[in-house]
Amino acid sequence: MNIKNNITTIAAIAAVVSLATTGFIAYALNTDKNEIKTIKSPAASVTEPATEAATATVNIPKATGRKLETAVSSSSATKDDIYHIMLNSIDYYDKVSGTVYFPANDTCNKIEFQTVLSESKAFFRHTQYNADMSKSVSMDAVDSMADTNDIIYDTEMYCDGESSCISVDNTEKTYASNPGYVITLDSVLDIPDDERITMESDGNPCYNLRTNPTNVPEASISLFPQEMTFGFLKNKELWDIEGIEKYDGKECYHITGKTEEEYGNKLNVSKFDFMVDVNTGVLLQYMGYDEIGNISDYMYTDGISFEDSAENVKAFSENLITSYKCMD
Amino acid sequence: MKSKLKKFVSGAMIALTLSVNTLSIPASAYSATRTIDNDSIASGYGNTNGGNAYSYLKANSLYNGDARIASSSKSSCSYYWKYPSMGANATSCRCTIKVYLNHANFTDPSAAYYVQLSNTQSNRVGYLNQEKAPAGWISVAKTLSPLPEGSYYTSKHAFVEPSGTKGKNTGADAIQVLLSS
């Protein structure tokens, strides 16, 4: 009887250890291989019905064949779900194209891009226009400024899947290769939600970002908005989900909120307004308002398209730089 | 019978424990960290102010009260943090950088951070939106395989490269570089 009890106890312990080991090994192997995360967020697991959770990992776009995460149903998404998807948006799309606009003092930046994460192929053109932000009291005014032809900066970057990319400066008429520039998808590490913000020994917070494999740095404000997600959404008491609205033909979470004092002072933004694509966590529009309600900061997008709808990545051609000077 | 069973069970447990220890804990043959502040006085290391583009900045919010700042339009002018050599014989490595950002004038929308991994090549670990980052340390990491030199890596500096955007500023304060394999 005693032996039986001992065996039962030991068997139970062994089973628990074995299960924990399997899970731990699976996690370790997953981490080591840097595979794309296939585990739903804890919040999503709790709120989603089993049938929806079961389909969550079956999202394989024809264009690339890479297995993608599927977002939780927008009708039941929690703040934690939105926070999670925005911090991990690169798991929800592979091929994307479009245009992103954001300001820099009295100028407007325009980023036209195409990228395929699984192939490390990307193209972007970054142009900057003179634009007087003091007149930007409405979205229309911002729109009209971005249409100006007064270009002060014009660069392009071509990444064809190799480690080196070619940058072209149309303003200076120069070009150069950039070794070590590409960030591949398999170099991206997963970070559990509860390890995204940690405390350092000096008492300061540390915000842990996943590196960005879009290879379109200037569009990360939209495509992989980790910094803004931390800055605006980490305090979940300060924002609300107003509802689901369309932006540029896509279903979006309409989020409104107030900024924390330190972050708001830094950006001169008291209140903000987000439009977040429900399927990918991509930030399609951001409006920041100062204390008296004027637009003091913004980012908006045009024609963001995913997977089969996205444009192909523009390829580099020697013809583009025939009269340009090589800077290598 | 009782003793045989006990031996079998304890043997199985030892085997299980060993398998846990050997399989679940990835081997980490090498790990080293360097923390470097801007300017040599604070960090003890000799940094490089690329193109002499980075002016000196003082503020209580900054790490040790000071930092360097340059126009983000100067994309060819990088700020280099230099440190005693790190490196190992390996075919892959994990690079982590932690950057201290806490000043309203650090506004580069995509400052690129590189870590030197061979005598001829540095690799981009990631890029950060300095303007939209909340105050504190910002960490970004990547794994690298294959390495530029194939079977080893060696590192003596990291640097930040401004994005090229006009009307913004790139900040360079303290940085921590961690390499492991």
Side-chain angles (χ1 to χ4, degrees), chain A residues 3 6-7 10-11 13-14 17-18 20-21 24-25 27-28 31-32 34 102-107 109 126 128 152-153 155 169 179-183 186-189 198 200 202 204-212 217-218 220-221 225-228 230-231 234 260 262-263 265-267 327, chain B residues 1-2 5-6 9-10 12-13 16-17 19-20 23-26 63 72-73 75-76 94-96 98 100 102-104 106-107 109-112 114 117 120-145 148 163-168:
Chain A
I3 298 171
N6 283 344
I7 294 171
I10 291 166
I13 293 168
V17 172
S18 174
T21 308
F24 193 65
I25 292 169
Y27 175 76
T31 306
D32 286 346
N34 305 308
F102 63 89
N105 287 351
D106 294 335
T107 69
N109 292 276
H126 178 186
Q128 224 175 327
I152 57 170
Y153 180 71
T155 60
D169 187 331
Y181 180 92
V182 170
I183 294 176
D186 63 2
S187 70
V188 182
L189 300 164
T198 50
E200 291 295 296
D202 62 8
N204 285 297
C206 181
Y207 300 90
N208 299 296
L209 273 64
R210 299 174 71 191
T211 196
N212 188 333
E218 281 76 6
S220 62
I221 190 172
Q226 296 178 95
E227 295 92 335
M228 291 179 74
F230 285 130
K234 74 172 189 287
E260 288 187 324
E262 183 183 43
Y263 192 64
N265 288 342
K266 176 184 172 181
L267 298 178
M327 301 301 285
Chain B
M1 179 67 186
K2 187 176 169 183
L5 191 64
K6 263 189 174 173
V9 172
S10 59
M13 289 301 290
L16 189 61
T17 308
S19 74
V20 170
L23 286 175
S24 64
I25 302 169
Y63 197 83
S72 298
S73 65
S75 58
S76 60
R94 177 183 292 199
C95 309
T96 305
K98 283 184 186 176
Y100 190 79
N102 194 357
H103 198 280
F106 293 172
T107 53
S110 55
Y114 289 76
L117 289 172
T120 57
Q121 189 172 321
S122 296
N123 283 75
R124 194 168 57 148
V125 178
Y127 35 84
L128 302 177
N129 187 329
Q130 293 192 337
E131 180 176 47
K132 298 298 191 285
W137 291 93
I138 310 291
S139 164
V140 64
K142 72 181 272 192
T143 55
L144 201 71
S145 178
S163 63
T165 308
K166 295 181 188 294
K168 299 285 188 183

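Since the structure is predicted, the reported quantities are computational estimates derived from the model, not experimental observations. We name chains A, B, ... by the order of the sequence lines, and we start the count at 1 in each one.
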* Asked: Got a sec, which residues hit side-chain hydrogen bond (donor to acceptor under 3.5 Å, both in side chains) with A:Thr198, two or more places apart in sequence or on another chain?
  -> A:Asn208
* To do: Heavy-atom distances under 4.5 Å only: say whether B:Leu144 touches chain A with side chain, backbone, both or neither.
  => neither
* B:Ser73, B:Ser75, B:Ala104, B:Ala133: which one forms the most heavy-atom pairs within less than 4.5 Å of chain A? -> B:Ala133
* Specify which of B:Ser122, B:Pro109, B:Ala135, B:Ala112 makes the most heavy-atom pairs with chain A at under 4.5 Å. => B:Ala135
* Structure fact -> Applying a strict 4.5 Å limit to non-hydrogen atoms, the region of B:Leu117 in contact with chain A is neither
* Check B:Pro134 against A:Phe230 and note the closest heavy-atom contact, atom names and distance. => CG-CB, 3.8 Å
* Asked: Out of A:Asp202, A:Asp169, A:Asn265, which one racks up the most heavy-atom pairs below 4.5 Å with chain B?
  -> A:Asp202
* Can you see which heavy atom on A:Glu227 is nearest to which on B:Tyr127, and at what distance? => OE2-O, 4.2 Å
* Structure fact -> One should read off an interatomic distance between B:Leu128 CG and A:Tyr207 OH, to the nearest 0.5 angstrom, of 14.0 Å
* Structure fact -> Cut-off 4.5 Å, heavy atoms of chain B, and the answer for A:Ile183 is both
* **Note, B:Ser110 side chain near A:His126 side chain (heavy atom, < 4.5 Å)** => no
* Count the heavy-atom pairs under 4.5 Å between each of B:Gly126, B:Ser163, B:Ala141, B:Gly136 and chain A, then report the option with the highest count. => B:Ala141
* Asked: Among A:Gln128, A:Glu262, A:Met228, who wins on heavy-atom pairs under 4.5 Å with chain B?
  -> A:Gln128
* **Candidate pair A:Asn204 and B:Tyr63, rule side chain to side chain contact (heavy atoms under 4.5 Å, CB included), full reasoning** => CA-CA 11 Å; A:Asn204 285 297; B:Tyr63 197 83; 5.5 Å; no
* What heavy-atom pair brings B:Lys142 and A:Val182 nearest, and what distance separates the two atoms? -> NZ-O, 3.8 Å
* To do: Only pairs at least two apart or in different chains count here, so list each salt bridge (charged side-chain N to carboxylate O under 4.0 Å, His left out) that has a residue in residues 126-141 of chain B.
  => A:Asp297-B:Lys132, B:Glu131-B:Lys168
* To do: Could you grab the distance from atom CG of B:Asn102 to atom NZ of A:Lys266, nearest 0.5 Å is fine?
  => 7.5 Å
* Asked: Any donor-acceptor pair under 3.5 Å linking the side chain of A:Thr211 with the backbone of B:Val125?
  -> yes
* Is chain A contacted by the side chain of B:Lys166, its backbone, both, or neither, given a heavy-atom distance below 4.5 Å? -> both
* **Most contacts with chain B, counted as non-hydrogen pairs under 4.5 angstrom, among A:Ser220, A:Pro205, A:Gly231** => A:Pro205
* Could you tell me which portion of A:Asn212 (side chain, backbone, both or neither) has an atom closer than 4.5 angstrom to a non-hydrogen atom of chain B? => both
